[in-house]
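These notes are about the structure you will find just below.
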Amino acid sequence: MEAITNNLTAAQAEAVTHIDGPLLIIAGPGSGKTRVVTHRIAHMLHRGVRPFQIAALTFTNKAADEMRMRVNLLAPGQPVWMGTFHRFCAQQLRRYASMVGLQENYSIYDTSDSKSAMKRAIAAAGVSTTHSTPEQIASAISRAKNRLITPEIMQQQSGRASDSVAARVYPVYQQQLLLANAVDFDDLLYHFARLLRENPEVRGELDAKLKYIMVDEYQDTNLAQYAIVRAMSVDHPNLAVTGDPDQSIYGWRGADLNNILDFEKDYPNVKTVRLEQNYRSTPNILAVADQLIRHNRRRKPKELFTENPDGENVILRQYEDGYQEADEIADEIATQMMAGNAEPRDFAIFCRMNALTRSLEHALRNRGLPYQIVNGVEFYQRKEVKDLLAYLHLINNPSHDVAFQRVVNTPTRGIGATTIGRLQRFADSQRIPMLEAARRANEIDALSKRAVTMVSKFVTIYDRLRKKATASLEDLLRYLVEETHYIDFLEKSAMEKEDANPAANVDELISAAVEFDRMHPDDGSLDAFLEQVALVADTDAFEDSNNRVTLMTLHAAKGLEFPRVFVIAVEDGLLPHARSKENDQQLEEERRLLFVGITRAKQWCQLSYAKRRSVRGDVRPVIPSMFLSELPRADMTVIESQRDYDFFDSVDEEYPDSWDIVQEPATTIQSVAIESNDAPSTVDRLPNASVIPDLYMDEPSAVTKKPKSSKPSIQTGLKTASELLDSDRVPLNLYREGSTVRHPEYGEGKITSLVGRGPKRTAKILFDNATGEQTFRLAFANLELVQ
DNA sequence: CCGGCGCGGTTTTTT
DNA sequence: ACCGCGCCGG
């Protein structure tokens with residue numbers, strides 16, 4: 001047990017060993033926060049705290065998975081609850097559903113579901129949308145929920161004009177959600193917060209049960225989250241929060257910086273620990289970040305320092321335009337790789353908006369550089385996946401009107417907009433779900449005979465599917481695809497599009513279902529699966545140290561680290577974003593965003609802007625971001641653009657287009673491994689190359705240990721896409737059922753099963769030690785084939 | 001009722 | 001440049 005505090009600094013140990021009473025950990029970037037949190041949990045367990053008394057709340061699944069993995073290393077197999085706020089609330093609401101007007105099989109609407117629900121509510125409320133868009137109304141309502149404002153209160157307040165429109169829609173929207181036995185994302189927090197507020201006995205019960213609550217990224221909590229945490233920490237105020245005010249970047253979604261700034265006031269006997277030493281970045285990088293963030297007024301001053309050795313200067317670079325920026329960054333990556341001291345996974349490119357990744361994507365693809373876009377087009381957003389999920393939703397919750405509308409004519413069965421509109425009107429007038437209206441189609445005078453027949457047919461199909469509701473997910477899905485002739489429908493409708501292969505996505509969904517069936521042999525209810533899907537934005541939360549350049553937004557970058565970082569388009573209007581310049585608070589948040597970006601870098605960092613950039617078609621001159629003038633230029637390498645650059649003279653001809661060569665298109669990967677945030681530890685110090693099989697090697701020996709310097713394809717330089725991507729696939733074929741593999745964390749194990757193809761190929765591995773069985777995507781896991 | 005075409009608005013960030 | 005929406009011919 002002493003071992004737990006062994007490799008910690010004094011400050012870290014102080015935080016780790018504080019168990020009872022409120023604790024505030026102010027943790028600068030790269031200060032070993034995750035290490036502290038995980039060690040603290042392990043320490044509490046050793047001290048006799050029961051695992052089910054602890055709940056650790058995070059904002060993202062990535063963070064929760066990382067935490068779970070690392071706690072499991074320190075204290076294997078302990079059922080400590082770790083997960084996102086939203087998941088926590090979702091699970092609690094299952095138990096207390098009836099107390100907020102829901103049934104326990106309630107559905108969670110995703111953003112697009114709530115959008116269509118919102119449109120319907122707007123129509124039903126009879127407000128005109130000439131002065132405010134559905135999005136504006138939705139966001140006003142969202143803001144209200146985040147601040148625990150009820151429809152009634154909002155109507156009384158009705159300050160801004162746009163708010164008064166929203167105030168009229170809000171009760172209607174809310175009523176329709178309840179009728180559909182559904183909640184949106186905000187409701188998960190809102191309902192649960194109000195439940196705690198209005199039911200002292202429930203509050204007391206949970207407070208007593210969860211004696212030790214931990215909140216990660218506390219600077220990003222909104223009022224609802226604040227209220228939830230607070231309510232559960234009254235009788236047992238052992239609340240431990242970690243955060244960094246300088247990394248608060250979610251103000252736009254209701255996060256209130258005061259929650260962390262005032263924590264010491266809220267909890268008078270708080271113990272505060274500051275982790276200021278940085279173990280991640282070079283002093284060069286840290287100095288630039290520090291200089292930048294000093295320009296913020298609303299913060300707690302912090303001394304960031306590091307004992308890491310000096311590195312290269314941070315580069316501030318100007319390009320002619322966005323295309324040159326993309327091309328030259330791709331070249332730079334290729335150059336650094338050829339120099340032999342970097343591989344694709346070392347690089348990350350951050351931008352303010354998703355749209356900016358497009359030109360980078362193009363440039364990387366032209367050079368055959370493997371890349372991944374984090375949070376690009378998500379699997380569960382694909383049309384065919386959403387269609388099938390909508391069926392599942394409707395089977396699980398017959399009141400799910402959004403799902404009904406999606407599914408009733410998919411595949412097309414002659415039920416058009418007119419019919420759906422009439423069903424909707426009938427449903428509204430009777431205050432019944434649309435499926436119920438469909439059952440009573442013959443009572444609806446407005447419907448034609450033909451429509452009644454079609455609708456009845458659908459209901460028949462539905463009832464047949466519903467009988468399978470309790471079967472395994474796999475069976476249910478296969479049956480569903482069969483009964484609806486869904487594949488035929490896909491083939492008929494998606495004939496021309498070459499890139500997509502929707503049928504593969506259907507397969508992939510089925511594999512996900514199979515996976516879920518296996519992981520939840522007993523409780524594998526439809527309910528749980530759908531909840532999982534709704535709350536896990538990106539599916540593969542497993543190990544995926546896939547060797548690719550990472551493209552993502554600055555928001556998505558929080559909590560991650562990379563050896564080499566590019567931040568692109570640091571330009572006025574983009575960063576700070578045009579819509580964030582109205583007030584100082586927003587401006588400061590933009591500054592923090594850049595701060596987060598810079599502090600992700602371990603060794604090398606470049607900020608860039610262009611002289612002109614094309615937005616929405618036409619080129620516009622660029623004003624460099626004001627933030628750039630706040631940096632210590634004397635200590636940086638400033639490179640201005642000189643030569644004329646003709647973007648028509650692009651590299652397309654020199655490099656083959658990888659998409660033509662690869663039969664199985666590289667899929668977009670939606671998640672990225674969180675690398676260690678930690679102070680140096682034994683594991684952290686191991687050079688990556690010695691434990692991670694290199695997917696770029698052409699020979700099967702790729703999967704054996706080799707020093708970095710002997711990577712053939714990197715040494716000889718980057719070649720064509722086919723070579724890179726071909727070699728990417730080769731090792732996968734070597735894995736067989738029964739193969740013995742080694743994982744850097746879990747040690748040796750045997751492959752017990754293999755499913756899926758290509759990048760989706762997934763293995764279940766039974767480990768020799770206490771870890772038990774784990775599931776990995778072969779293409780991304782750090783597996784080493786032993787025989 | 002279906003699917004194709006053209007128009008206009010539109011984009012910040014995410015559970 | 002892209003997507004969703006509305007109009008129109010089958």
Side-chain angles (χ1 to χ4, degrees), chain A residues 57-64 83-90 108-112 114-116 119 129 133-136 139 142 145-146 183-190 217 220-222 224-225 248-255 322 350-359 362 374-378 380-381 383 409-421 448 450-451 454 489 492-496 531-538 552-559 569 573-581 586 589-590 592-594 596-597 614-619 670:
Chain A
L57 302 172
T58 64
F59 278 79
T60 65
N61 292 298
K62 280 190 293 195
T84 64
F85 259 104
H86 287 83
R87 181 181 296 282
F88 179 79
C89 295
I108 301 169
Y109 277 6
D110 69 16
T111 316
S112 70
S114 13
K115 194 176 158 194
S116 47
K119 283 183 181 162
T129 52
T133 65
E135 285 76 20
Q136 287 171 321
S139 92
S142 170
K145 287 184 181 177
N146 287 331
V183 301
D184 64 20
F185 283 134
D186 299 317
D187 281 338
L188 289 170
L189 305 175
Y190 172 85
E217 309 282 12
D220 287 330
T221 48
N222 59 34
Q225 288 160 329
S248 161
I249 54 176
Y250 286 101
W252 51 274
R253 110 182 169 191
F350 302 147
C351 54
R352 181 63 232 268
M353 297 189 293
N354 278 313
L356 288 170
T357 59
R358 217 173 283 279
S359 53
H362 190 78
V374 177
N375 289 339
V377 186
E378 290 180 27
Y380 287 110
Q381 307 283 2
K383 182 199 172 309
N409 198 34
T410 315
T412 49
R413 41 178 84 89
I415 302 172
T418 324
T419 304
I420 294 176
S448 69
R450 188 184 129 85
M454 297 300 201
F489 163 70
K492 239 186 298 165
S493 53
M495 207 87 83
E496 312 135 31
E531 178 180 305
Q532 162 114 341
V533 168
L535 297 178
V536 178
D538 48 273
M552 61 182 162
T553 64
L554 287 160
H555 283 88
K558 193 163 71 162
L574 284 171
L575 186 64
H577 193 271
R579 298 193 185 190
S580 301
K581 295 204 300 186
Q586 290 183 335
E589 180 156 314
E590 297 286 305
R592 291 193 289 267
L593 211 40
L594 182 56
V596 166
S614 47
V615 280
R616 289 206 292 270
D618 49 17
V619 283
Q670 283 124 17

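Just so we're clear, the structure is a prediction, and the values are computed from it rather than from any experiment.
- Of the candidates B/dT15, B/dC2, C/dC5, C/dC5 carries the atom nearest the A/Lys119 side chain, counting heavy atoms from C-beta on.
- Residue-level contact check: A/Asp110 touches neither bases nor backbone, having no heavy atom under 4.0 Å from any strand.
- For A/Thr111, whose side chain is taken as the heavy atoms from C-beta onward, the closest listed nucleotide among B/dG3, C/dC2, B/dT15 is B/dT15.
- Remark: ring of A/Tyr250 does not overlap the six-membered base ring of B/dT14 in a stacked fashion, as centroids less than 5.5 Å apart with planes less than 30° apart are not both met.
- Of the candidates B/dT13, B/dT15, B/dT11, B/dT13 carries the atom nearest the A/His555 side chain, counting heavy atoms from C-beta on.
- One interatomic measurement links the two molecules: NZ of A/Lys115 to P of C/dC3, which rounds to 13 Å at whole-angstrom precision.
- In this entry the distance linking CG of A/Leu356 with P of C/dA1 reads 15 Å, nearest Å.
- The listed nucleotides are B/dT11, B/dG3, B/dT14; the one nearest the side chain of A/Thr412 is B/dG3.
- Rounded to an integer number of Å, the gap from A/Phe350 CZ to B/dT13 P is 16 Å.
- Counting non-hydrogen atoms under 4.0 angstrom, A/Ile415 reaches the backbone sugars and phosphates but no base.
- When distances are taken from the side chain of A/Thr133 to each of B/dT11, B/dT15, B/dT10, the shortest belongs to B/dT10.
- The phosphate of B/dT11 has neither OP1 nor OP2 within less than 4.0 Å of any side-chain N or O from A/Asn354.
- Between A/Arg87 and A/Met353, the residue anchored closer to the 5' end of DNA chain B is A/Met353, taking for each the nucleotide with the nearest heavy atom.
- One interatomic measurement links the two molecules: CG of A/Leu575 to P of B/dT11, which rounds to 20 Å at whole-angstrom precision.
- A/Arg413 has its CZ atom 18 Å from the C1' atom of B/dG3, to the nearest Å.
- Within the nucleic acid shown, A/Lys558 has no heavy atom closer than 4.0 Å to any nucleic acid atom.
- Note on A/Thr419: a side-chain N or O is less than 4.0 Å away from OP1 or OP2 of B/dC1.
- Contacts of A/Ser614 with the nucleic acid, taken as non-hydrogen atoms under 4.0 Å apart, are absent.
- You'll find that the side chain of A/His86 is closest to B/dT15, out of B/dT15, B/dT13, B/dC1.
- Atom P of nucleotide B/dT15 and atom CD1 of A/Ile249 are separated by 11 Å, given to the nearest angstrom.
- Taking the nucleotide of DNA chain B with the nearest heavy atom to each of A/Asp186 and A/Ile420, the more 5' of the two is matched to A/Ile420.
- A donor-acceptor contact shorter than 3.5 Å is absent between the side chain of A/Gln225 and the backbone of A/Phe85.
- Considering only heavy atoms from C-beta on, A/Ile249 comes within 4.5 Å of A/Lys558 through its side chain.
- Proximity of a side-chain donor or acceptor of A/Asn146 to a complementary backbone N or O of A/Asp186 within less than 3.5 Å is not detected.
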Evaluate A/His555 against A/Trp252 for ring-ring contact (aromatic ring centres under 6.0 Å, His included), listing each step before the verdict.
CA-CA 12 Å; A/His555 283 88; A/Trp252 51 274; 5.8 Å; yes
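- Between A/Thr418 and B/dC1, a side-chain N or O to OP1/OP2 separation shorter than 4.0 Å is present.
- Of the candidate nucleotides B/dC1, B/dT14, C/dC2, B/dT14 has the atom nearest to the side chain of A/Arg253.
- Which of B/dT15, B/dC2, B/dT13 sits closest to the side chain of A/Asn409 comes down to B/dC2.
- As rounded to whole Å, 17 Å separates atom P of B/dT13 from atom CG of A/Leu594.
- Side-chain contact check for A/His577 versus A/Gln586: every heavy-atom pair is 4.5 Å or farther apart.
- Nearest nucleotide to the A/Ala355 side chain, out of B/dT15, B/dC1, B/dT11: B/dT11.
- A/Phe185 comes within contact range of at least one nucleobase, with a heavy-atom separation under 4.0 Å.
- Contact annotation: the side chain of A/Tyr250 never approaches that of A/Thr221 to less than 4.5 Å [non-hydrogen atoms, C-beta and beyond].
- Proximity of A/Phe185 to A/Arg253: side-chain heavy atoms (C-beta onward) are nowhere separated by under 4.5 Å.
- Rounded to a whole Å, the CD atom of A/Glu531 is 16 Å from the P atom of B/dT15.
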